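Note that the structure is a prediction, hence the values are computed from the model and not measured. Below, chain A is the first sequence line, B the second, and so on; all start at residue 1.
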Number of protein chains: 2
Amino acid sequence: MRNKIKVHIADDHKILIEGIIALIKTDNSLELDGFSLTGKELLDWVSKNEIDVLILDISMPIIDGIEVLKFLKRKNIPHKTILLSSYDDVQIVKKVLQLGALGYLSKSSASTHLLKAIKMVKNNEQYFSNDIQKDLLHLYGNSNSKKRNFKGLEIDLLEPLTEREIEVLKLIAKEYNSQEIAELLIISKHTVESHRKSILRKLNVKNSIGIAMFAVKHNMI
Amino acid sequence: MRNKIKVHIADDHKILIEGIIALIKTDNSLELDGFSLTGKELLDWVSKNEIDVLILDISMPIIDGIEVLKFLKRKNIPHKTILLSSYDDVQIVKKVLQLGALGYLSKSSASTHLLKAIKMVKNNEQYFSNDIQKDLLHLYGNSNSKKRNFKGLEIDLLEPLTEREIEVLKLIAKEYNSQEIAELLIISKHTVESHRKSILRKLNVKNSIGIAMFAVKHNMI
DNA sequence: CCTACAATCCCCATTTATAGGGATATTTTG
DNA sequence: CAAAATATCCCTATAAATGGGGATTGTAGG
């Protein structure tokens with residue numbers, strides 16, 4: 001192997017980053033090509049550097065992993081990305097697959113899985129945590145035609161929230177009720193309740209807990 | 001330095017564990033003395049082995065870092081522990097200090113901080129992330145007498161939840177309402193509502209969102 | 001200019017959660 | 001064993017959230 005695989009890491013947890021760097025050093029076929037602590041740093045990096053594989057934490061503050069993927073897609077920047085997540089959430093997996101990610105790994109996976117994932121993704125193969133594989137199969141059925149390429153399937157993306165809805169969502173997650181949110185945003189309680197309805201529908205959750213959980217998963221709080 | 005500092009790591013994220021192991025190997029004064037993926041594994045380990053410094057993830061499933069500290073305290077097992085956390089939550093810091101932890105580090109800290117923390121804690125010195133230091137000073141005022149030892153101060157601990165309350169809490173966080181929880185646990189809806197009341201009071205949160213957020217912060221879902 | 005959409009507001013009905021109160025049986029623990 | 005904690009159930013009442021419906025304004029894009 002003449003050329004090492006250039007790996008870039010984006011995660012707001014420095015300890016995890018430096019841990020992964022140490023792991024990469026243990027494998028002669030890999031080399032580090034920078035790291036980013038925020039989504040913004042990463043976007044700057046990818047526009048200036050050529051990397052082989054990107055390891056991307058899904059939950060970063062401000063610009064999260066999803067937003068990074070959207071940006072890369074919008075700009076038509078080719079990338080081979082492995083998402084790192086604390087949660088095994090099939091909905092999120094569906095979303096990142098649709099946005100062009102090639103791998104999805106839980107942080108609770110063994111590091112050998114990460115090394116394997118890097119090499120597979122480098123070769124344009126998809127890699128998922130075991131648990132996620134099961135969930136995906138369940139979701140998409142198990143006919144051979146469907147197993148081949150998850151990306152080609154119809155995937156129901158979430159309707160995007162408007163800015164106002166995001167404001168309301170954040171306040172909901174901070175334990176404010178509709179009346180309090182109304183006072184904070186200087187609007188009527190009825191309006192807040194309307195936004196609530198829209199958010200529930202768009203996120204496809206059944207109650208405020210679901211809204212708050214969404215906020216947590218996407219590091220919006 | 002004749003004897004290396006024996007470090008044990010407890011975290012449910014294998015990737016982080018293996019990362020920290022790699023870091024420890026870069027420092028000659030440190031050596032790994034096992035790791036645990038769950039609170040239970042850790043409790044088994046500490047009852048059989050002698051370690052110098054314990055690096056403990058606060059958010060592990062089932063038996064979390066807090067529970068581990070409580071156990072060690074109850075059994076009067078001496079330990080020098082650094083808590084690792086994703087959040088900089090002053091309330092949690094207060095709690096773990098009261099429970100006998102010596103260090104508290106955010107996962108977003110640099111790994112050099114972790115190495116420094118290990119050495120300080122080994123010498124019975126306290127170590128905190130910068131951000132936390134600020135918050136603690138603010139919390140406890142800045143008179144010299146108070147700065148010296150946080151552990152000696154009155155700290156309002158949260159009342160511990162009972163097992164049943166934890167069951168209910170988890171189901172609340174999974175978006176079930178009281179009626180559904182009643183059916184799942186085969187008890188009356190009234191009972192669920194009673195548990196709800198106790199949980200709200202004990203956690204000192206104002207609504208179910210607060211309950212769900214607590215569940216998230218402690219990785220109970 | 002017209003349309004679509006976002007943001008705002010309102011009504012009604014129903015369900016759920018919150019907040020008091022209290023009661024009783026079982027389990028844990030000192 | 002006795003005391004304390006836990007888990008269970010019930011009542012009443014109010015507050016809040018949910019799920020329909022509809023209506024108006026302003027504005028950005030085609």
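- If you measure from atom NZ of A/Lys189 to atom P of C/dC12, you get 14 Å, rounded to the nearest angstrom.
- For D/dT8, neither phosphate oxygen OP1 nor OP2 lies less than 4.0 angstrom from any side-chain nitrogen or oxygen of B/His190.
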### Message
I'd like to compare against my own output: the B/S/- annotation of nucleotides 19-24 of chain C with a strict under-4.0 Å heavy-atom distance to protein.
### Response
BBB---

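- Here B/Ser208 reaches the OP1 or OP2 of C/dT18: one of its side-chain N or O atoms lies under 4.0 Å away.
- Checking side-chain atoms of B/Ser188 against main-chain N and O of B/His190 turns up a donor-acceptor pair under 3.5 Å.
- To the nearest angstrom, P of D/dT8 lies 16 Å from CD of B/Glu183.
- Of the residues A/Ile82, A/Leu84, A/Leu42, the one that meets the side chain to side chain contact (heavy atoms under 4.5 Å, CB included) test with A/Leu56 is A/Leu42.
- Contact record, B/Ile181 with B/Ile172: CD1-CG1, 3.7 Å, taken as the closest heavy-atom pair.
- Taking atom CG of residue B/Leu185 and atom P of nucleotide D/dA7, one finds them 11 Å apart after rounding to whole Å.
- We find that CG of A/Leu169 is positioned 13 Å from P of C/dA7, with the value rounded to whole Å.
- A distance-only check finds no donor-acceptor pair linking the side chain of B/Asp52 to the backbone of B/Ile5 [under 3.5 Å].
- Checked by atom type, the side-chain pair B/Ser208/B/Arg196 shows a donor-acceptor distance below 3.5 Å.
- Taking atom CG on A/Asn177 and atom C1' on D/dT18, their separation rounds to 14 Å, with Å as the unit.
- Checking C/dT18, C/dC10, D/dC10 against the side-chain heavy atoms of B/Asn207 singles out C/dT18 as nearest.
- The phosphate of D/dA7 has neither OP1 nor OP2 within less than 4.0 Å of any side-chain N or O from B/His195.
- The backbone N or O of B/Glu180 sits nowhere less than 3.5 Å from a side-chain atom of B/Glu183 that would complete a donor-acceptor pair.
- Taking atom CZ of B/Arg164 as the reference point, atom C1' of C/dT27 lies 14 Å away to the nearest angstrom.
- In this entry the distance linking CD1 of B/Ile199 with P of C/dT18 reads 10 Å, nearest Å.
- Of the side-chain N and O atoms in A/Ser178, one or more sit less than 4.0 angstrom from OP1 or OP2 of D/dA17.
- For C/dC10, the OP1/OP2 oxygens have no side-chain nitrogen or oxygen of A/Thr191 closer than 4.0 Å.
- Here the closest non-hydrogen pair linking A/Leu203 and A/Leu169 is CD1-CD1, 3.8 Å.
- When the P atom of D/dA17 is taken as reference, atom CG of A/Leu203 falls 17 Å away, rounded to whole Å.
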